[in-house]
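Have a look at the structure below before the remarks.
Quick caveat: nothing in here was measured; it's all calculated off a predicted structure. Letters go in sequence order (proteins before strands), and every chain restarts at 1.
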Amino acid sequence: MGSILKVEDLSISFGGIKALNQVSFEVEKGMIYSIIGPNGAGKTTIFNCISGIYRPDGGRIFFNGEEITYLKPYQIARKGIARTFQNIELFSHMTTMDNLMLGRHLHMKTGVWRGATFIYKNSKAAKEEVAHRRKVEEIIDFLELQSARNHFVVNLPYGTRKLVELGRALALEPELILLDEPSAGMNMEEKGDLMFSIQDIRDDLGITVILVEHDMNLIMDISDRILALNYGTKIAEGLPEEIQKHPEVLKAYLGEEEKVAQS
Amino acid sequence: MVKKSLFLMSGLLFITLLWMVPLVSAQAVRGVTDTEILIGQWGPQTGPAAPWGAVARGTDLLVRIINEEGGIHGRKIKYFLRDDSYQPAKTKAIAKEFVEQIGVFAVVGGVGVACGMTARDYLMENKVPWYGPVTGVYNWITPIQKYLFALYPLYDDEAFNLTGYLYEKLGYKKIAMFYQNDDYGKQGVMGVERYLLKKKIKLVEKVSAEVTDRDLSTHALKLKNSGAEAVIMWTMPTHAALILAETAKIGYKPQWATSNTLSDSALMMQITKGLWAGMINSFFGELPDSNHPLMVKYREWHKKLAPQERWGVFYYAGIIFAEPFFEGVRRAGRNLTPETWVKAMETLKNWQGIGPPVTYGPPNTPMDRQGGKHVFYGKVRADGSVERLTDWIQITK
Amino acid sequence: MLAQLIVSGLAVGACYALLALAMVIIYKTSEVLNFAQGEMAMLSTFVAFTLLDAYHVPFHWAALLTFLFAILLGIFFEVVFLRQAKDPTVLGLIIITLGFEMILMGFAGWKWGPDQRSFPFPVSNIETYNFHGLVISKINFWTIVVSLALMFVLFLFFRYTKLGTAMRATQQNPIAARVMGIRTKRILSFTWALSSLIGAVAGMLIAALGILDPPMMMDPLLKGFAAGVLGGMTSLPGTAIGGAILGIIENLFGGYVSLAFKSVVAFAIIVLMLCIKPSGLLARHYVKKV
Amino acid sequence: MDIKRDYYEDIELFRSGTILVWSILFLIFLAIFPWLIQKYHPLGFSIYIANLIAVHAIVAIGLNILVGYTGQISLGHAGFFAIGAFTTVIPILKWDFPLFIALPIAGFISSIFGFILGLPALRLKGPYLAIATLGFGMTITTIIKHMEFFGGRMGLQAPKLEFLGTPLKDIHFYYLIMAIAVLMTIGAIKLMRTRVGRAFIAIRDSDIAAEAMGVNLTYYKTLSFAVSAFYTGVAGGLYAFILGFINPESFHLIMSITFLAMVVVGGLGSIMGSITGAALMTYLDIKLQAIQDLPAFGSALVVFSQKYMSVSGISNIAVIVYGLIMILIVLFEPLGIFGFWIRTKKYWKTWPF
């Protein structure tokens, strides 16, 4: 298996603070790759750089061997990278169905003219719409979101919204999916379901997953490799067992805990 | 919930009430019954053009005077005044309301070119007499309309003659123009330039202001730099006051001259804080303090019937724009129809109320439908009164 | 001519800046674009006019009473209308202010009629100061002085007083501010009062510069809004600079290029400038965190 | 029942039989409206108001696509309206274009300007976008005023329309406008339910997520401006013929504000709301002129005015009422009339409970 994503010396700073400092890592196809680190370590910043929301100050990002460093977010999405957000960025005044349908945006072709003029059932736009709805139904079944199907997402519970967001990213049919704290706000049972879902995403759908997570149990259970960050710098990378024992990682987490204890 | 439904209920009730605004059913001759003649006028009572709305209220005074004096041929006049806020879409709605819902015999006055133009063809198609649109433009007389009689002296001719007066009688050779950039101002420029072209000279400067401008310091500087001895001003009161203040500030004091639109000297003196003194003005109606017997009569009635209104030029212009109309109604006799009214109007020859002498004729040339062809000039004294410089002068051939 | 154009531009710019200041204070604390600002100022000016003209109150008392009226008007609008809006959208708020604008405009027209009037002001708009051939009317001069002074006082107020700090806190995070014991509702009322007061000052100066009638603030308000945007909508020095730049550009454009397009050139420039620096001259650009 | 058998049913124009029935009833109502109304109100006036409402509804729908669906603000739609009006009338006047060619051309020219205005909008938000669009509207009318090509300050008289040699009357024009309005409404509804509409709403709700899902912000924001401008331009073209005379002076800021008020009062992000908003605000605007003539209430107003206010300014009551209605609707029905409709529907569905 070849590498799907390669990040070289990625650096970015905000107002003099180095949020990322020469971070490099490589993700292989079919992996579940996790990024861990204390708050403010730069995990989400990496996601924002990969998906094109931030422009890095230095370094390069390759996706399937192609440089994507300075592409715009929608161009990166077109390459096949989907993501979810830490604080849920759903389209709150759309139904679950429509949110997922937006994920199909790139795979559809209907433009203004066709969209505004289709009236009958066999028009191209209608056919396309129906075909993609079928696709979305599959994802809804996959994530077991049937009950939320026609609800506006504002009214859904937090955990369900997280799932809808995941579904939306899946609807894009990406090769690589970036999940930013998918289990935040979920209870134990939901977390368990989520874990299986993530594994299914990789195994059944063949999508590479990069995960940012705080829940160590979940990470250690499902990750193939883990990257540990602190203060924007890479402190370790390796298999879960290696990371668990890595002295720098322990220091970063314990150090943090000490601070918490003191305050 | 209760609050909301109450709110909604009252809203619905209100809308239904509006629907119930009384209707008058159609008669044999629209707007003429045995006892009444219905006429209407639109005018901006709200919005930026509202000062012009006084015209429509002035007409109301004349109507009440006529009714107090017993009406015309046993019929009282019923007058409908509608506010169009100077928005053409509303004007057209009002015109339709006048004709179809109220059923007026005629429309009198009406401020604004764009507003009037949306209604003109509609009124003409329905054979509604329209007397005296309150703007001096060619639109009313070209093409000739059978039922439309204009009164207001044409801005173009007025400016032409005012320039002549400055140039020939007062000897000013370097003339500049300050005008408002709309149809009114543009027609003024046309007239001035037409005259100067005849004399083979040019305006030393022409400066325009947008209707919404409220800062005229640049305009004043441009006028000053032109070195003009006399400046002709074709604007509305606000711009007139602003430009006088700005030129006074930079020490520029030419001879100013202006159209009858700004002939409300009392108002102008007040809002220019005295700078209006010395202005050469053309007038198309008697001066507010004139001893003309009709003016004396109207002023008395004004005190009695509408003391809350200011006896300003815009206000009694409403009388000027309606007087010849009622004269036509009188001459048409008891058998009043649009046709008899038109016939009667065409018999007016040098008929004069408190406005200019009015002459109409069978519509052979546009000028047969243009009543006001005269103005006179006056100079504003330091106390705000006006010194009459000339008698009525014919400006339109 | 160039120097004179710049001086006149500055004088006009000071009026724009004053109105911009009133708008910015509100925008700073509650992110409401107050389109009723001009009409609130106009109404206050009419109150002053009535006191002076009909009741012959001495000017300083009239001004004081007018300021009191302006403060009450600001509070009235905030409490009676804006506060009633539950979870308002930005647009909804704009519509409320526009509706209030219409009400005030209608009220002024109803009460005082549409006639133009001259506003009796103790400082003349015709007498001038002369600096080496450059003339500036007394009222223009004092407008500049007043706006700079107000700007300075407000700057100090926001920086150093407890209330000012509370207002800034309310702007940056209303919920946190409430948690910290700041009575945000009161702060909002106070903001509206302050803004309305500044507007009243601007209204009286603008009326004294030209004439007093119900639509007198339409053009200045738009320009004030433009000046505020130019300055970044949140920065007090920004509004001063924005106002000055706007006044000068307008005058130079009118003087040397075209008078006809003078009143819209400001907007063209603003659009161009905003394309280069979307957050205005002196405001920081915030990046939304995701 | 609410069981769907086919995915197509989700995107159908009429999602349920009830809506279909009501829609057909409404269309029948539109068709026989002239006949219905002539008994109570003479024809021309009502037809004129109906035409005006239809034109305003098209504008409101267009503006709602931009404001309600895409979440951008515009205070310059009177500019597009003017562009539409002038670019429809001029080709007909000068080159004898038929209306059904001139009208779409006007729409497209207007949408080109919409696209141009959309470009700065990419980077601007809130007050910045408000001032940019406001400036746009003012600039357009100023330019039209200063170009003799557009009739300059004097304005233009719209030509009389003919169809196969017979001049079109108001009543014919009514059916023409209604047909266009209905088609454009269906177009908007459909568009909002497909890919493009979803992209618009996505941009409104979260532009960052939309972009990360592959929505090209540049394209769709400018597209939204262009579509909105197209609707407004076509409406402007029709407006020119309703009025018969157009003058750049009439397309002022207040007009843009009225359009915005229609959208907000009707309900942001609702096509049906736009139509009701346009109908209500237009109707009130015309009808409030006669407020003094109301039985009893009117004369009371006059007496009150004489005592405390001024009689000369009595018409201003209409302005006050209009403003008050705007405020009250926003305060008590933040979702506009559409929001009220939804709540009433819920109330009836659950009625005895």
**Q.** C:F35 versus chain D, the contacting section by heavy-atom distance below 4.5 Å
**A.** side chain
Q. Quick one: CD on C:Q84 to CG on D:L328, what's the gap to the nearest 0.5 Å?
A. 10.5 Å
Q) By a 4.5 Å heavy-atom criterion (distance strictly below it), what part of C:L33 contacts chain D: side chain, backbone, both, or neither? A) side chain
Q) Can you tell me how far CG of D:L253 sits from CE of C:M218, rounded to the nearest 0.5 angstrom? A) 7.5 Å
Q: Check whether more than 12 heavy atoms from other residues, nucleotides or ligands sit under 6.0 Å from atom CZ of C:F77, and answer yes or no.
A: yes
(Q) Return the CZ to NZ distance between C:F261 and D:K145, rounded to the nearest 0.5 Å. (A) 9.5 Å
Q: Check whether any side-chain heavy atom of D:P127 sits under 4.5 Å from a side-chain heavy atom of C:F225, and report yes or no.
A: yes
Q: Tell me, for C:L104 versus chain D, whether the close heavy atoms (under 4.5 Å) come from the side chain, the backbone, both or neither.
A: neither
Q | Distance (rounded to the nearest 0.5 Å) between D:L301 CG and C:W110 CH2 | A | 6.0 Å
Q.
Between C:L98 and D:I327, is the side-chain contact (heavy atoms from CB on, under 4.5 Å) condition met? List the steps.
A. CA-CA 8 Å; C:L98 284 173; D:I327 293 183; over 6 Å; no
Q.
Which atoms of D:I73 are under 4.5 Å from chain C, going by heavy atoms: the side chain, the backbone, both sets, or neither?
A. side chain
Q.
Working to the nearest 0.5 angstrom, can you tell me the gap between C:L91 CG and D:L268 CG?
A. 5.5 Å
Q.
Rounded at 0.5 Å granularity, tell me how far CG in C:L222 sits from CG in D:L134.
A. 5.5 Å
Q: List the steps, then state whether side-chain contact (heavy atoms from CB on, under 4.5 Å) holds for C:F107 with D:N316.
A: CA-CA 7 Å; C:F107 182 81; D:N316 286 288; over 6 Å; no
Q: Determine whether more than 12 heavy atoms belonging to other residues, nucleotides or ligands lie under 6.0 Å from atom CZ of C:F158.
A: yes
